[in-house]
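Written below as structure tokens is the structure these notes are about.
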Amino acid sequence: MSQANRILSGVQPTGNLHLGNYLGAIRNWVALQDSHECLFMLADLHAITVPQDPDKLRTSVRETAAAYIACGVNPDKSAIFHQSAVSAHAELGWILSCHTPLGWLNRMTQFKEKANSIEESELEKVLKLLKYFIANPDVNASQKEMDINIASELVKKMLEGGKNKEKANLGLYSYPVLMASDILVYKATHVPVGHDQKQHLELCRDIAGAFNRAYNPSYNVTENKGGFFPLPEPVIMGEGTRVMSLKDGSKKMSKSDESDLSRINLTDDSDAIAKKFKKSTSDSFPTVGENNETRPEANNLVNIYAALKGVTRAQALAEVGGLQFGAFKGALTDVAVEKLSPITKTMRELVASPDYIDQVLAKGVAKAQAIAGVTLKEAKNLIGFLQG
Ligand code: TYM
């Protein structure tokens, strides 16, 4: 298989996988296995950017591997491995971090969200209010009090954000560089992910370009030819690239949401799935389809329905757009149970065979190490390190 067709992707093995991970990423991996050489990792190095319990991490890595297989990743075709077993990821990560300007990392929105840090736009809002007070000394008292309250809330938020940012660890900040290394160490050409990873992939392309410019005198940036690293293409496909919380259509479905009702876990049984869709947030429109794209919760449920059925949004709307929420949620539950219950069942069986999972991982690690070792050696040579 030529290098022109290599796929790398991964999931953080931290707790249960959810419908977003499945529809946004893993299901698409399965579809790509026949046409591409695939490597799917368990991103355990990324997982420790937040505290992890060692026993739970070990269990989670095996469970996530079981989920990959249960979703249809075939270990005879694709390498499944844990990232921490291939030390070239961390080593190339260091090299790439020496080619990554801080300004690029400062733009990463996921870091800002995770570190809960201050946004420049908030500072600007406070400055705007101050300027307004100076320009309008006679503004009426109640308006003034209201504005002062807004300003003090913003300052409080900024101070808290500042403290959180100070406490955030370096790994959380440099996370996207390690992610670039995960991809580039295999010279992967395509990376199937959900929409939330798009910015990280753009950064990966920038880092690859920076390295190529530094070490390949003949590198043609415009045509992207002659570079050591190919610039990987994000593969963001299907109707499930942004699965939102079942409780709030403006927030993405996430493992870290406090409410378990906000997500469908791949371990949920049919009763749990039915209950979660029944309790999912809806609105007061008479049918699911009316003005659907302006109604985040209804829109999300229709996208989930379309993604699970493997049809377009338009096709899904033609089918279920005329239904009221009650009937639609019933149809949604049916399709979710039909697609997910075989996965849940297989996952349970696989988790009961840790020896099998360990064999799969050992095979995946060997393949990953062989490819990554060559890239790392070549990169070190280009840089001018003496071969050890
Ligand atoms: P992670 O573990 O947050 O998510 C794994 C995959 O699931 C997708 N995803 C979603 N897709 C649609 N809707 C959602 N609500 C949703 N939530 C998650 C993510 O886009 C992702 O594809 N940084 C990565 C892991 C990683 C990686 C890599 C991925 C590390 N190195 C190299 C690709 C290539 C992450 O934290 O994904």
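Just so it is clear, the values below take in all heavy atoms, side chains as well, and ignore hydrogens, waters and symmetry mates. Both counts, for ligands and for their atoms, begin at 1 and track the order of listing.
- With a 4.5 Å cut-off on side-chain heavy atoms, Gln110 and Gln197 count as touching.
- Taking every heavy atom of both residues into account, Pro232 and Val191 meet most closely at CB-CG2, 4.0 Å.
- Polar contact check, His195 against ligand 1: no nitrogen or oxygen pair lies under 3.5 Å apart.
- Nearest non-hydrogen protein atom to atom 2 (O) of ligand 1 is Gln12 N, 2.9 Å.
- For ligand 1, the atoms closer than 4.0 angstrom to any heavy atom of Leu8 are 32 (C), 34 (C).
- Under a 4.0 Å criterion applied to the non-hydrogen atoms of Thr241, ligand 1 contributes the atoms 11 (N), 12 (C), 13 (N).
- In this structure the side chain of Arg313 reaches within 4.5 angstrom of the side chain of Asn292, judged on heavy atoms.
- Of all the atoms in ligand 1, the ones that sit under 4.0 Å from a non-hydrogen atom of Gly24 are 11 (N), 12 (C).
- Here's the thing with Gly20: one of its N/O atoms is less than 3.5 angstrom from an N/O atom of ligand 1.
- Counting atoms of ligand 1 from 1 in the listed order, those under 4.0 Å from a heavy atom of Val191 are 33 (C), 34 (C).
- Residues Arg263 and Leu19 are not in side-chain contact: their nearest non-hydrogen atoms beyond the backbone lie 4.5 Å or more apart.
- Side-chain contact between Val288 and Val302 is present, with at least one heavy-atom pair separated by less than 4.5 Å.
- Close approach of ligand 1 to Gly240 (heavy-atom distance below 4.0 Å) involves ligand atoms 12 (C).
- Summary of contacts: the protein heavy atom closest to atom 17 (N) of ligand 1 is His18 CE1, 3.5 Å.
- In this structure, the protein non-hydrogen atom closest to atom 35 (C) of ligand 1 is Tyr175 OH, 3.4 Å.
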- request: Could you check Tyr22 against Asn265 for side-chain hydrogen bond (donor to acceptor under 3.5 Å, both in side chains), going step by step and ending with a plain yes or no?
  value: CA-CA 10 Å; Tyr22 175 60; Asn265 303 306; over 6 Å; no

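- On a distance-only criterion, His200 and ligand 1 share no N/O pair closer than 3.5 Å.
- Among all protein heavy atoms, the one lying closest to atom 22 (O) of ligand 1 is Gly194 N, 3.1 Å.
- In terms of protein heavy-atom proximity, atom 28 (C) of ligand 1 is closest to Met179 CG, 3.4 Å.
- For ligand 1, the atoms lying closer than 4.0 Å to a non-hydrogen atom of Ala25 are 6 (C), 7 (O), 22 (O).
- Across Ala47, Ser245, Pro232, Gly10, heavy-atom proximity to atom 29 (C) of ligand 1 is greatest for Gly10.
- Of the protein's non-hydrogen atoms, Asn21 ND2, 3.8 Å is the one closest to atom 9 (N) of ligand 1.
- The protein heavy atom nearest to atom 3 (O) of ligand 1 is Gln197 NE2, 4.3 Å.
- Summarising the geometry, atom CZ belonging to Phe81 is positioned 9.5 Å from atom CD belonging to Gln369; distances are rounded to the nearest 0.5 Å.
- Formation of a donor-acceptor pair under 3.5 Å by the Glu239 side chain with backbone atoms of Asn303 is not found in this model.
- Between Lys329 and Leu301, the closest side-chain pair of non-hydrogen atoms falls below 4.5 Å.
- In this structure, the protein non-hydrogen atom closest to atom 19 (C) of ligand 1 is Asp196 OD1, 3.3 Å.
- Close contacts of ligand 1 with Met41, meaning ligand atoms under 4.0 Å from a residue heavy atom, involve 28 (C), 30 (C), 31 (N).
- Backbone and side-chain nitrogen or oxygen atoms of Val243 are examined, and one is located within less than 3.5 angstrom of a nitrogen or oxygen of ligand 1.
- At least one side-chain heavy atom of Trp104 sits less than 4.5 Å from a side-chain heavy atom of Ile207.
- Hydrophobic cluster membership differs between Leu32 and Tyr186, with clusters built from Ile, Leu, Val, Met, Phe, Trp and Tyr side chains linked at under 4.5 angstrom.
- In the model, Asp182 has a side-chain atom that pairs as donor or acceptor with a side-chain atom of Gln83 under 3.5 Å.
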